[in-house]
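All remarks here apply to the structure that follows.
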Amino acid sequence: MVMKINIRIKGLAVCYRQGNYWQVVFICDDWHKVKFTHKKNSQILVNEKELRREGEATRTAIFSFYNVENAPSPSDPSGLFGDDFHEILNLTDERLHGKHPNGKAKIKRKKDPGTELIFLTIPHIALCSFGQTDFPYYARLDTDNSQPFEIGYVSDKVGAEIKLKPGAIQGGSMLFDDGRDNASFPYFEDDVHTLIFDNDCGTSCKPGDNDFRMFYKWLKDNTNEGKRFLAGKFTSLSEEKDRAEFDAAIIEELKSPLQGNCDPVVVEPPPDDPPQGP
């Protein structure tokens with residue numbers, strides 16, 4: 001018999017692979033505080049605890065899992081990409097930052113001063129999509145004269161489902177580097193642990209801004225550090241509008257902070273440079 005650990009990631013988060021690990025990076029501010037919920041079967045052990053520590057530049061949590069069933073092989077990176085992975089908005093999409101001719105991402109890691117980040121390092125998982133946005137995503141370059149383009153429906157929730165088998169060392173854990181937050185998962189057959197990390201600002205977000213800009217506090221286009229995109233869901237579709245009016249309406253909505261534009265993204269292939277710290 002097995003025990004299950006389900007991880008769900010919502011809101012503003014960047015996911016990329018680092019060898020046989022997935023790194024999940026949350027960009028935080030007063031509206032994005034990473035609410036953590038831990039459920040064991042039907043019991044809530046932790047309910048929407050805020051993981052952000054105001055003024056702390058970085059926090060890192062390391063996950064450990066023992067006796068994982070069907071863990072991805074280090075020699076076969078395809079095992080890191082799970083169900084509906086293609087639905088996750090990829091910043092290396094050719095319509096966004098794209099890739100170099102050598103196949104590497106044009107995205108690099110470079111943090112703006114004062115940016116608050118929370119890192120999750122998760123081994124032995126296949127990252128999956130667990131739901132789509134209700135409306136298609138649109139994006140445009142963050143300039144006044146660029147035209148919007150449709151990306152389509154994208155994932156609004158990502159994560160993994162991990163199965164643990166019994167063994168001499170059993171269960172798993174999540175431990176932050178500062179020791180101030182942790183979770184443990186001792187092995188008991190048929191138990192189900194659900195971990196929810198929610199970095200969505202909802203309707204209480206920074207006035208007059210597009211949350212998608214938050215990604216560029218940590219990620220840069222390595223051919224042009226000033227290049228960034230606005231993205232979000234356009235909810236006022238109408239076939240009666242002509243193209244000019246349609247584009248103008250999209251541009252106005254992309255300026256709104258209420259577009260659900262802090263859904264998770266991936267950088268796949270991973271950022272095209274060595275890590276600069278966590």
Side-chain angles (χ1 to χ4, degrees), residues 9 11-28 58 60 72-113 115 117-123 125-129 133 137-143 146 148-160 199 210-232 261-278:
I9 296 159
L12 199 79
V14 181
C15 308
Y16 66 95
R17 60 186 171 92
Q18 191 76 46
N20 199 39
Y21 291 76
W22 278 103
Q23 299 276 7
V24 179
V25 186
F26 299 104
I27 301 96
C28 301
T58 59
T60 301
S73 168
S75 62
D76 182 12
S78 65
L80 295 171
F81 309 112
D83 294 342
D84 298 321
F85 179 88
H86 64 280
E87 294 179 354
I88 305 172
L89 181 59
N90 192 349
L91 289 181
T92 67
D93 186 295
E94 63 181 7
R95 295 163 294 180
L96 297 172
H97 296 277
K99 306 172 188 176
H100 294 292
N102 62 10
K104 293 185 177 181
K106 289 183 179 178
I107 296 289
K108 65 182 178 180
R109 289 158 282 204
K110 185 176 180 181
K111 181 167 69 74
D112 287 351
T115 300
L117 304 173
I118 293 178
F119 290 79
L120 306 180
T121 297
I122 313 175
I125 69 167
L127 191 69
C128 304
S129 170
T133 52
Y137 248 67
Y138 287 82
R140 71 176 178 94
L141 273 171
D142 193 3
T143 63
S146 67
F149 54 88
E150 183 176 346
I151 296 173
Y153 295 87
V154 299
S155 176
D156 63 0
K157 191 186 294 96
V158 302
N199 201 31
N210 182 296
D211 286 320
F212 207 79
R213 288 192 179 107
M214 291 280 287
F215 293 119
Y216 298 103
K217 291 187 175 184
W218 181 63
L219 294 173
K220 310 291 182 186
D221 187 303
N222 62 15
T223 63
N224 177 1
E225 289 192 8
K227 184 178 181 179
R228 61 185 188 178
F229 290 87
L230 300 181
N261 44 49
C262 53
D263 293 311
V265 300
V266 295
V267 181
E268 177 50 41
D272 182 27
D273 66 328
Q276 300 182 14

- Task: Give, for atom CG of L219 and atom NZ of K110, the distance between the pair rounded to the nearest 0.5 Å.
- Result: 12.5 Å
- Item | Inter-residue atom distance I151.CD1 - T133.OG1, 0.5 Å rounding | 10.0 Å
- Query: Does P123 offer a backbone N or O that forms a donor-acceptor pair with the side chain of N20 under 3.5 Å?
  - Reply: no
- Item | Reported CG-to-CZ distance for the pair N210 and R140, which is rounded to 0.5 angstrom | 9.0 Å
- Is there any salt bridge (Lys or Arg N to Asp or Glu O under 4.0 Å) pair reaching into residues 89-99, and which pairs are they, with sequence neighbours excluded? D93-R95
- T92 side chain to V267 main-chain N or O, any donor-acceptor pair under 3.5 Å? no
- Message: Under 6.0 Å between ring centres: does that hold for F229 and H97?
- Response: yes
- For D221, all residues meeting salt bridge (charged side-chain N to carboxylate O under 4.0 Å, His left out), sequence neighbours excluded: none
- Query: Should we say atom NZ of K104 is surrounded by more than 12 heavy atoms from elsewhere, each under 6.0 Å from it?
  - Reply: no
- Task: Begin with the C-alpha distance, continue with both residues' side-chain angles, and end with the deciding distance and a verdict on side-chain contact (heavy atoms from CB on, under 4.5 Å) for V154 and E87.
- Result: CA-CA 5 Å; V154 299; E87 294 179 354; 6.0 Å; no
- Message: Taking the side chain as everything from C-beta on, heavy atoms only, tell me whether V158 gets closer than 4.5 Å to W22.
- Response: no
- Task: Kindly give the heavy-atom pair with the smallest separation between F215 and A13, and that separation in Å.
- Result: CE2-O, 3.6 Å
- Message: Does C15 form a side-chain contact (heavy atoms from CB on, under 4.5 Å) with I88? I'd like the steps, not just the answer.
- Response: CA-CA 10 Å; C15 308; I88 305 172; over 6 Å; no
- Query: Would you say H100 and T223 make side-chain contact, with heavy atoms under 4.5 Å?
  - Reply: yes
- Query: With side chains defined as the heavy atoms from C-beta onward, is the minimum distance between F85 and V266 less than 4.5 Å?
  - Reply: yes
- Message: Looking at every non-hydrogen atom in both residues, tell me the closest pair between G79 and A126 and how far apart they are.
- Response: O-CB, 3.3 Å
- Message: For a quick test of reading the model, state the closest non-hydrogen atom pair linking A105 to P271 and the distance between them.
- Response: CB-CA, 4.4 Å
- If you take all heavy atoms of W218 and L117, which pair is closest and at what distance? CD1-CD1, 3.3 Å
- Item | Value rounded to 0.5 Å, distance of OH in Y21 from CD1 in I122 | 12.0 Å
- Item | Side-chain touch F26/L12, heavy atoms, less than 4.5 angstrom | no
- To the nearest 0.5 Å, what is the distance between CD1 (I27) and OH (Y216)? 11.0 Å
- In Å, rounded to the nearest 0.5 Å, how long is the span from CG of N199 to CE of M214? 7.5 Å
- Could you point out which residue of K108, K106, K220 forms a salt bridge (charged side-chain N to carboxylate O under 4.0 Å, His left out) with E225? K108
- Query: For D211, does its backbone N or O pair with a side-chain atom of N261 as donor and acceptor, under 3.5 Å?
  - Reply: yes
- Query: Are side-chain heavy atoms of N90 and V265 found at a separation under 4.5 Å?
  - Reply: no
- Message: Test side-chain contact (heavy atoms from CB on, under 4.5 Å) on C28 and I118; report intermediate values, then the result.
- Response: CA-CA 8 Å; C28 301; I118 293 178; 3.9 Å; yes
- Task: Mind running side-chain contact (heavy atoms from CB on, under 4.5 Å) on L96 and F149 for me, showing each step along the way?
- Result: CA-CA 10 Å; L96 297 172; F149 54 88; 4.0 Å; yes
- Could you check if a side-chain atom of Y137 sits within less than 4.5 angstrom of a side-chain atom of D156, using non-hydrogen atoms only? no
- Item | Under the side chain to side chain donor-acceptor pair (under 3.5 Å) test, residues paired with D76 that sit two or more places apart | S78
- Task: Answer yes or no: is there a donor N or O on one side and an acceptor on the other, between the side chain of D142 and the main chain of R228, under 3.5 Å?
- Result: no
